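A quick write-up on the structure given underneath.
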Protein chains: 2
Amino acid sequence: MADSPSFLNDQKQTLQINKKAGSEALVEPLKLGERVKALRLSQNLTLEEAAQRAGLARSTLSKIENEQVSPTFAVVSKLVAGLGINIPQLFTQPEPEQTGGGRRDITRAGQAEPHPTKTYDHELHATQLSQKKMIPFKTRVHARSIDEFGQWVRHGGEEFLYVLSGEVMLYTEFYEPVALSTGDSAYYDCTMGHALVSLSEQDAEVLWVTA
Amino acid sequence: MADSPSFLNDQKQTLQINKKAGSEALVEPLKLGERVKALRLSQNLTLEEAAQRAGLARSTLSKIENEQVSPTFAVVSKLVAGLGINIPQLFTQPEPEQTGGGRRDITRAGQAEPHPTKTYDHELHATQLSQKKMIPFKTRVHARSIDEFGQWVRHGGEEFLYVLSGEVMLYTEFYEPVALSTGDSAYYDCTMGHALVSLSEQDAEVLWVTA
DNA sequence: AATATATGTTTCCTATAGGAAACTTTTGCT
DNA sequence: AGCAAAAGTTTCCTATAGGAAACATATATT
């Protein structure tokens with residue numbers, strides 16, 4: 001594929017593996033009751049209110065929270081719907097607070113990891129961090145015509161694009177091309193083919209973040 | 001909480017609701033049985049084998065797969081453990097492959113949705129799109145001292161920060177403050193307290209993307 | 001084809017989940 | 001403190017989930 005930034009695919013892989021690993025912990029010791037209670041309290045709901053919303057009996061909820069019963073799937077569903085919880089949230093351990101889990105990575109203006117292609121010159125930021133949710137990179141767009149792309153660039157996820165300097169034309173598979181000037185941004189689904197060309201004299205510079 | 005960008009939480013909400021919506025289908029119509037069966041077959045297991053692994057009776061599994069019962073949470077747990085499934089996988093609909101899923105939203109330089117706080121002036125981008133993975137916003141930092149923040153700004157997810165103009169000091173809970181100039185970026189875990197102040201004469205401008 | 005074997009379903013019974021109401025504890029008010 | 005109202009727990013009963021075994025169906029094996 002023409003100029004599809006290969007590092008994007010790499011990361012995708014990693015991401016998926018992580019998610020899986022994350023929810024794996026829950027195998028047994030998952031304290032469902034605790035979680036439900038925490039979630040209920042976080043919404044400042046009383047047993048009565050919560051039960052009402054979920055269409056359950058006060059008593060039932062109480063028992064669930066105190067781990068006195070193993071609720072039926074139907075009940076869990078009601079709970080989820082009623083309290084506006086989402087399943088992963090319910091079943092995923094409250095994140096052991098990623099002990100010491102505050103990561104940070106600084107990338108200096110000139111120091112980003114270069115990644116040149118025929119049409120773009122990418123500079124990867126935050127390369128010290130693996131398993132991150134987003135991939136940020138700054139790109140110099142030297143393509144001047146859509147013809148320079150063999151075919152649509154296309155990959156998984158969503159992309160946020162911000163024009164740092166110059167002017168670009170954003171071509172996408174399902175929309176008319178749109179011109180973007182400095183300060184404009186676009187957010188789009190990357191499974192849709194997309195390509196960027198510079199309209200300005202100088203190569204345009206854009207910031208891209210993929211997730 | 002001081003200046004914690006409320007829209008982040010908002011979005012969180014939305015996200016949850018959305019995901020919920022996603023899994024809401026499950027309120028009732030979620031065909032748990034189908035999913036279990038599919039997962040079992042995908043591992044080429046017979047009812048007997050699967051039941052064995054999960055520590056359940058063959059009959060029980062059969063009933064579950066045929067939606068004749070609403071399994072107890074305990075049973076679901078056993079299933080999950082026994083078959084090596086993970087919960088989200090079980091409860092998340094197999095993604096209808098987002099048919100025709102090519103979305104796009106353009107935000108013009110001056111047109112972003114303003115969101116002023118005491119310390120920052122945020123401008124939200126891509127507000128036409130809901131359920132997106134990232135929340136991009138451009139921010140003018142008018143705080144000049146860390147004291148202007150009551151306490152750490154802290155929320156879920158990860159954040160990418162890119163300095164568009166001016167110079168800022170990035171304070172984080174677990175690291176020494178670091179100065180960032182135009183073109184520098186930072187990527188960090190948002191559960192770690194963080195705050196930004198302008199060092200330059202003019203208010204600094206940064207681009208933030210949260211996921 | 002007939003029989004054996006394995007896979008999936010249904011039945012029947014016991015254990016337990018869910019709801020209504022009684023009971024207990026906590027919170028707020030004068 | 002004493003009372004009232006609200007929040008949470010326990011009890012009791014009915015509905016239903018889970019397991020063992022009987023039954024039915026599909027898949028070899030000779």
Side-chain angles (χ1 to χ4, degrees), chain A residues 26-87 89-92 94, chain B residues 20 23-94:
Chain A
L26 75 109
V27 179
E28 259 322 299
L30 172 62
K31 287 285 176 284
L32 180 69
E34 270 180 27
R35 297 251 52 218
V36 171
K37 184 164 191 174
L39 287 164
R40 173 173 65 84
L41 292 177
S42 78
Q43 296 188 43
N44 275 90
L45 294 176
T46 71
L47 269 184
E48 180 60 41
E49 293 169 323
Q52 201 99 52
R53 293 201 192 184
L56 295 174
R58 204 161 72 246
S59 54
T60 306
L61 237 186
S62 169
K63 290 179 210 166
I64 292 174
E65 291 191 354
N66 295 301
E67 324 261 353
Q68 294 178 8
V69 299
S70 175
T72 269
F73 178 71
V75 166
V76 174
S77 296
K78 286 189 186 177
L79 256 179
V80 164
L83 299 192
I85 325 172
N86 64 18
I87 310 251
Q89 183 184 4
L90 224 196
F91 294 90
T92 295
Chain B
K20 184 185 127 209
S23 11
E24 182 131 81
L26 87 110
V27 175
E28 265 321 302
L30 169 60
K31 290 289 177 275
L32 180 70
E34 269 181 26
R35 299 250 51 220
V36 171
K37 185 164 190 174
L39 287 164
R40 173 173 66 84
L41 292 178
S42 78
Q43 296 188 42
N44 274 92
L45 295 175
T46 71
L47 269 186
E48 180 61 40
E49 292 168 323
Q52 201 99 53
R53 291 201 192 184
L56 294 174
R58 207 163 70 245
S59 55
T60 305
L61 237 186
S62 169
K63 289 178 209 165
I64 292 173
E65 291 192 353
N66 294 301
E67 324 261 353
Q68 295 178 7
V69 298
S70 175
T72 270
F73 178 71
V75 167
V76 174
S77 297
K78 285 188 187 176
L79 256 179
V80 164
L83 298 193
I85 325 172
N86 64 18
I87 309 251
Q89 184 184 0
L90 225 195
F91 293 89
T92 296
Q93 288 295 34

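Bear in mind the structure is a predicted one, so any value in this text is a computation, not a measurement. Just so it is clear: chains get the letters A, B, ... in the order the sequence lines come, proteins before strands, and each one is counted from 1.
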### Query
Just how far, in rounded Å, is P of dT16(C) from CD of Glu67(A)?
16 Å

### Query
Out of dA17(C), dT10(C), dT11(D), which nucleotide sits closest to the side chain of Ser70(A)?
dA17(C)

### Task
Identify whether any heavy atom of Thr72(B) sits under 4.0 Å from a base atom; if not, whether one sits that close to sugar-phosphate; answer base, sugar-phosphate or nothing.
sugar-phosphate

### Summary
Sorted by number, residues from residues 53-61 of chain A placing a heavy atom under 4.0 Å from DNA chain D are Arg58(A), Ser59(A)

## Note on the structure
With five pairs defining each end axis, the helix from dA1(C)-dT30(D) to dT30(C)-dA1(D) comes out bent, to 10°, by 30°

Show me the donor-acceptor pairs within less than 3.5 Å that the side chains of residues 54-61 of chain B make with the rest of the protein, sequence neighbours left out.
residue	atom	partner	partner atom	Å
Arg58(B)	NH1	Glu48(B)	OE1	3.0

### Query
For the atom pair CG (Leu79(A)) and CG (Leu39(A)), what is the distance rounded to the nearest 0.5 Å?
9.5 Å

## Note on the structure
On a heavy-atom basis, the closest approach of Ser70(A) and Ala74(B) is OG-N, 2.7 Å

### Query
Are any side-chain N or O atoms of Thr72(A) and backbone N or O atoms of Val75(A), one a donor and one an acceptor, separated by less than 3.5 Å?
no

### Nucleotide dT16(C), atom P - distance to CZ of Phe73(A) in whole Å
22 Å

#### Entry: Where Arg53(B) and Leu45(B) come nearest, the two heavy atoms and their spacing
NH2-CD2, 3.5 Å

### Message
What is the separation between atom CD on Glu48(B) and atom C1' on dA20(D), rounded to the nearest whole Å?
### Response
12 Å

### Message
Taking the minimum atom-to-atom distance to the side chain of Gln68(A), which one of dT9(C), dG18(D), dT10(D) wins?
### Response
dT10(D)

### Task
Please determine if Glu65(B) and Arg40(B) form a salt bridge, counting it only when a charged side-chain N lies under 4.0 Å from a carboxylate O.
yes

#### Entry: Integer-rounded Å distance: dT16(C) P and Ile64(A) CD1
17 Å

### Query
Please give, in whole Å, the distance from dA24(D) P to Leu47(B) CG?
18 Å

### Query
What nucleotide, of dG18(C), dG8(D), dT9(D), holds the atom closest to the side chain of Arg40(A)?
dG8(D)

### Message
From C-beta outward on Thr46(B), which listed nucleotide comes closest to its side chain: dG8(C), dA20(D), dA17(D)?
### Response
dG8(C)

### Query
Quick one: the side chain of Lys63(A) and the base of dG19(C), do they pair up donor-acceptor inside 3.5 Å?
yes

### Task
Taking only the side-chain nitrogens and oxygens of Asn66(B), find out if one of them lies under 4.0 Å from OP1 or OP2 of dG8(C).
no

### Query
Does any N or O in the side chain of Glu67(A) come within less than 3.5 Å of the main-chain N or O of Gly33(A), such that one atom is a donor and the other an acceptor?
yes

### Whole-Å distance separating the CD atom of Glu65(B) from the C1' atom of dT10(C)
15 Å

